[in-house]
> 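Got a structure here, written out as structure tokens. Questions coming.
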Amino acid sequence: MSWGKYIFRCSRRVHRYAGLVILLYGLIMGVSGVLLNHPALIGRVSLPVHLFPQRYTYENWNRMALRDVVFSAVEPATVYVGGKEGVWMSSDGGRHFTALTDGFPDQAYYFDTHCLLLSEGNTGRRLFAGTRSGLYFCDLDDPVWHRAQGRELRNEHVVDLVRVGNRIFAFTPSGCYTAAAALPHPVFRPHDLALPSPQKYRMSLFRFLLQLHSGSLLGLPGRLFVDLIGGAVIFLSLSGLYLWYAPRRRVKSSPQGKSRYLKCLYTHHVKVGIYSACFIIVITLTGMLIWKPVSSALRGYSIPASLLTAFPWADPWHESLFKAVYLPEDNRLLLTTLNGFFEGPAEGPGMFEQVPAAVPIQYVTVLKRLKKKQLLIGSFAEGLYTWDRSSNVITDPIGNHRNNRITAAAVRNETPVFWVGYRQGIVPFEGINTGVVSMPAKVARNGRVSLWGFLLRVHNGKLFRGFVHHYWWIVQIGGLVLLLATLSGTYDYLYRKGLFKRR
């Protein structure tokens, strides 16, 4: 027996059994991946939080139930909080909260609030809320939410809000919009965040692989193509199951007495598999590389952005803005992005320049101004820091920061009050009395999780954390078996075509 035929026999067994082992995994990854690429299709579907394991319930404003908090300067006992469960108000210092829902979106994916801004002045008191579904505002004398006007801003994901003089700046992951704060119905228009040309910076390798995995590297056409490959994985999984469990399942090159349907299904299984094999391998490999433990090894690696100028996201603002803060002493804005810190003029013409910062942070969740030119900067992955911009000194105010996944922080009168951890919830800063900031029981009882959020936990394996301690190995092992099934199936096809046979 030749080596080619021996390898072919082994490859057939590998393809058959690896395909059976990976059947459910392929279906889950294919379906969840397609739906995650188009959140608008499932944004209106929500699930009660009590359907999830106990660790998914809210307690002490944890699990991003609180993303931002603002205090009233006019009424000291009034506080507003926003997060995954919408916007809540307390008029007694945080002892009791009331949900502000009139006019607000009622689906979990859309009322997820990322930022708040309280505007108090001679023209009245107004609260702004930036959500996944756009920017909303309400006059606090009549707390009914209205969607902020502006064709470009409509339905945009708003990640931060900043007040500069009499204007409101709304930041999305890809740009900035501004409007006069005193208008009864503010109209937000695009605001140019100019960059020097040519702008020299590097793109993190992690971000490149993530964009390649989802297809957003090429915008909507790229995502649709990845959806097509996801559909191919679903078809291959289902057709492979049928071909295996059919009464006469062994379909040979010249079958005798086989049903026409079975032969047709086998032919299409082979064609779809061979045409999509290369793309399945790329998508599977990128999915394995961007997840633990491999992703930790990628930290610090980057590629020159000059190699990617043909793509829309080569612009450092594209899907990379996180937080912004106004620096009144310099009348400038400081932005945090995936590509580092950028500083530029808050008003008038001028360029935004990249700022070297010693803060080891990406994916910023907190950016607050403190006294004496200090900034409080927090991240979901790297912890919480204070940055003294005058001396460029970095300090760790909470200690053991890598075990604390920061989701929010409260600052009152430029003094930090408490920080919020993903697991711990509200934790006061040392020596600070926060008073009582109680989470309403209805948040834990009636909390909801968007279907998009549920599928994300399925896709990355986090939903199975209670059953598998190192849950990320589900992605790694599943991806490895999927690669084996794809490569062995490709070898079988090429062998049958005579590529590896001796002449």
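As the structure is a prediction and not an experimental result, all values here were calculated from the model. All residue numbers in this chain count up from 1 along the given sequence.
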> Is the backbone N or O of Ala324 less than 3.5 Å from a side-chain atom of Asp160, with the two atoms forming a donor-acceptor pair by type?
yes

> Mind telling me whether Phe137 and Phe128 have parallel, tilted or perpendicular rings, with 30° and 60° as the class edges?
tilted

> Going by the rule side-chain contact (heavy atoms from CB on, under 4.5 Å), which residues pair with His50 if we only count those two or more places apart in sequence or in a different chain?
Pro48

> Using atom types as modelled and distance alone, determine if a side-chain donor or acceptor of Asp139 lies under 3.5 Å from a backbone N or O of Val144.
no

> Donor-acceptor pair, distance only, cut-off 3.5 Å: does the side chain of His213 make one with the backbone of Ile283?
yes

> Can you tell me if Trp473 has over 12 outside heavy atoms packed within less than 6.0 Å of its CH2?
no

> Test of understanding: with side-chain contact (heavy atoms from CB on, under 4.5 Å), list the residues that count as partners of Arg223, not counting sequence neighbours.
Asn37, Ser216, Leu220

> Pair Gln107, Ser450 - check side chain to side chain donor-acceptor pair (under 3.5 Å), show working.
CA-CA 7 Å; Gln107 296 87 20; Ser450 67; over 6 Å; no

> Answer yes if the side chains of Arg147 and Tyr136 hold a donor-acceptor pair under 3.5 Å, and no otherwise.
yes

> Assert yes or no for the condition that the ring centre distance of Phe429 to Phe418 is strictly below 6.0 Å.
no

> Rounded to the nearest 0.5 Å, what separates atom CZ in Phe208 from atom CD1 in Ile290?
12.5 Å

> Determine the minimum heavy-atom distance between Tyr80 and Arg125, stating which atoms define it.
OH-NH2, 3.4 Å

> Are the side chain of Lys323 and the backbone N or O of Val159 linked by a donor-acceptor pair below 3.5 Å?
yes

> Using 30° and 60° as the class limits, which term best fits the ring planes of Trp145 and Phe104: parallel, tilted or perpendicular?
tilted

> Kindly check if the number of other-residue, nucleotide or ligand heavy atoms within 6.0 Å of OH (Tyr301) is above 12?
no

> What is the minimum heavy-atom distance between Pro39 and Tyr109, and which atoms define it?
CB-OH, 3.3 Å

> How long is the span from the CZ atom in Arg423 to the CZ atom in Arg63, to the nearest 0.5 Å?
8.5 Å

> Just verifying a value: how many Å separate Leu384 CG and Thr395 OG1, rounded to the nearest 0.5 Å?
9.0 Å

> Check Trp88 against Ala99 and note the closest heavy-atom contact, atom names and distance.
CE3-N, 3.4 Å

> Ignoring hydrogens and geometry, is there a side-chain-to-backbone donor-acceptor pair from Asp68 to Leu116 under 3.5 Å?
yes

> Checking Asp388 against Ser390: is there a side-chain donor and acceptor pair closer than 3.5 Å?
yes

> Under a plain distance cut-off of 3.5 Å, with no hydrogens placed, do Ser174 and Thr172 share a side-chain donor-acceptor pair?
no

> For residues 177-188, which side-chain N or O atoms pair as donor and acceptor with protein atoms under 3.5 Å away, sequence neighbours left out?
unit_1: Thr178; atom_1: OG1; unit_2: Arg167; atom_2: NE; d: 3.2
unit_1: Thr178; atom_1: OG1; unit_2: Ile168; atom_2: O; d: 3.2

> If you take all heavy atoms of Glu156 and Glu152, which pair is closest and at what distance?
CG-O, 3.4 Å

> Hey, are Ser72 and Glu75 close enough side-chain-wise for a donor-acceptor pair under 3.5 Å?
no

> Is the side chain of Asn404 donor-acceptor paired with the backbone N or O of Ile406 at a distance under 3.5 Å, no angle test?
no

> Whether the Arg163 and Tyr326 side chains hold a donor-acceptor pair (N or O, under 3.5 Å, no angle test) is what I'd like checked.
no

> Is the terminal nitrogen or CZ of Arg132 (NZ for Lys, CZ for Arg) located under 6.0 angstrom from the six-membered ring centre of Trp452 and within 45° of that ring's axis?
yes

> How about Trp387 and Asn392: does a side-chain donor come under 3.5 Å of a side-chain acceptor?
yes

> Arg389 pairs by side-chain hydrogen bond (donor to acceptor under 3.5 Å, both in side chains) with which of Glu329, Glu343, Gln374?
Glu343

> Identify which one of Leu127, Val81, Thr78 satisfies the side chain to side chain contact (heavy atoms under 4.5 Å, CB included) criterion when paired with Val70.
Leu127

